[in-house]
Amino acid sequence: MTTTGMLDVTADVLTKFTWNYVQDNPALVKLYEKGKVSQWNATTDIDWTPEVVFGEPDPEMTPEAREMIDNFMGFNSPDSPFAGMNENERIRMGWEFQSWMVSQFMHGEQGALVATARLVETVPDIDAKYYGANQVADEARHVEAYARYINDKLGADHAYEISAPLEALLVDIMTEKRWDITYLGMQIMVEGLALAAFGMGNVLFRDPVIKQITDYVMRDEARHVAFGVLALKEAIPQLSSAELADREEFLLEAIDLMYQRFLLEQVWERVGIDVEKGKAFARNNPLMIIFRQMLFSKIVPNVNKLGLMTSAVRQRFEELQVIQWASTPDSASEELAAADA
Ligand SMILES: [Fe+2]
Ligand SMILES: [Fe+2]
């Protein structure tokens, strides 16, 4: 099946012009300069020549990667819905997982493209408008690269529609008129999760083309998450307690949607595994739990850095067992240190 349909979101937005063109945010200036020299071309920088055959075993898979996938899918545990699958069925599951993940990357990237275009309009400062514009070009390239991979390499028949929780989150983000919530949703939550997911995806992915695309995309994403942290760091402390409570509520909703995103409903449906059984497996399998916890590794430190670790947010992170990331470096510090190096 190819992905079809469309989604319309209505919003009441406040467009901001500024007549102050002084670039007075040195950290954002540095990030913008780095963005300008880090542009790449999806047409010419990616090697599109390797053949990708959905369902084929990967001749270069290491025994470690193989073991990880076996554990991840629970192939060897008797309570897994995959127990008893033969070799070909196992290989197909790996490809389905890859198709699902790349499809969600593609849809999420379009969300980032559209949300960042909105930010260019709604952020008050010239530095943030410049950087936002730079990011719009990055996101267009990301959508382009993933879409081309799906259409030309994997085969459009294997694509997945956007998952319901991701769609709900995009609607939440795009209905929002307050620019800092757009940032919070897109730059901190969606992109933070994507950054971690790309890294893990690259261990599980089965062909060199997708690995190369994802390596390029990740470099850009590290900058984007840093942008979110830098832009919000100054805005959050100025919020009233009522405004902060709204951000907290948004954050809690986003955390739940992101967590649900990885119960893999659509994959179970496609391969004909009972959806409730599949979801129960995704909820309880130890490696799947670790996988979901890893997905929050680029979210928790940034939420903490921004001063949004309220007791309710902390409690939610504790329940999901991801609170340990709070003490790791935030993305802006990491990215700016890398820019200096
Ligand atoms: Fe992106
Ligand atoms: Fe991004």
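First listed ligand is number 1; within each ligand, the first listed atom is number 1.
For the pair OE2 of E139 and OE1 of E191, the angle at the Fe ion (ligand 2) is about 110°; rounding is to 10 degrees.
Taking the N/O/S atoms of H142 in turn, the shortest distance to the Fe ion (ligand 1) belongs to ND1. Nearest N/O/S atom of E221 relative to the Fe ion (ligand 1): this is OE2. The Fe ion (ligand 2) sits nearest to atom ND1 when only the N, O or S atoms of H224 are considered.
Under the 4.5 Å side-chain criterion, counting only non-hydrogen atoms from C-beta, I126 is not in contact with N20.
For the residue pair E221 and H224, a side-chain donor N or O sits within less than 3.5 Å of a side-chain acceptor on the partner. If you check the side chains of Q110 and H142, you find no donor sitting under 3.5 Å from an acceptor. Between R223 and Q135, the side chains place no donor N or O within less than 3.5 Å of an acceptor N or O (distance only, hydrogens not considered).
Under a 4.0 Å N-O distance rule, the pair R148/E144 does not qualify as a salt bridge.
At a threshold of 2.8 Å, the Fe ion (ligand 2) has no backbone or side-chain N, O or S atom of D220 nearer than that distance. Backbone or side-chain N, O or S atoms of E109 reach the Fe ion (ligand 1) at under 2.8 Å.
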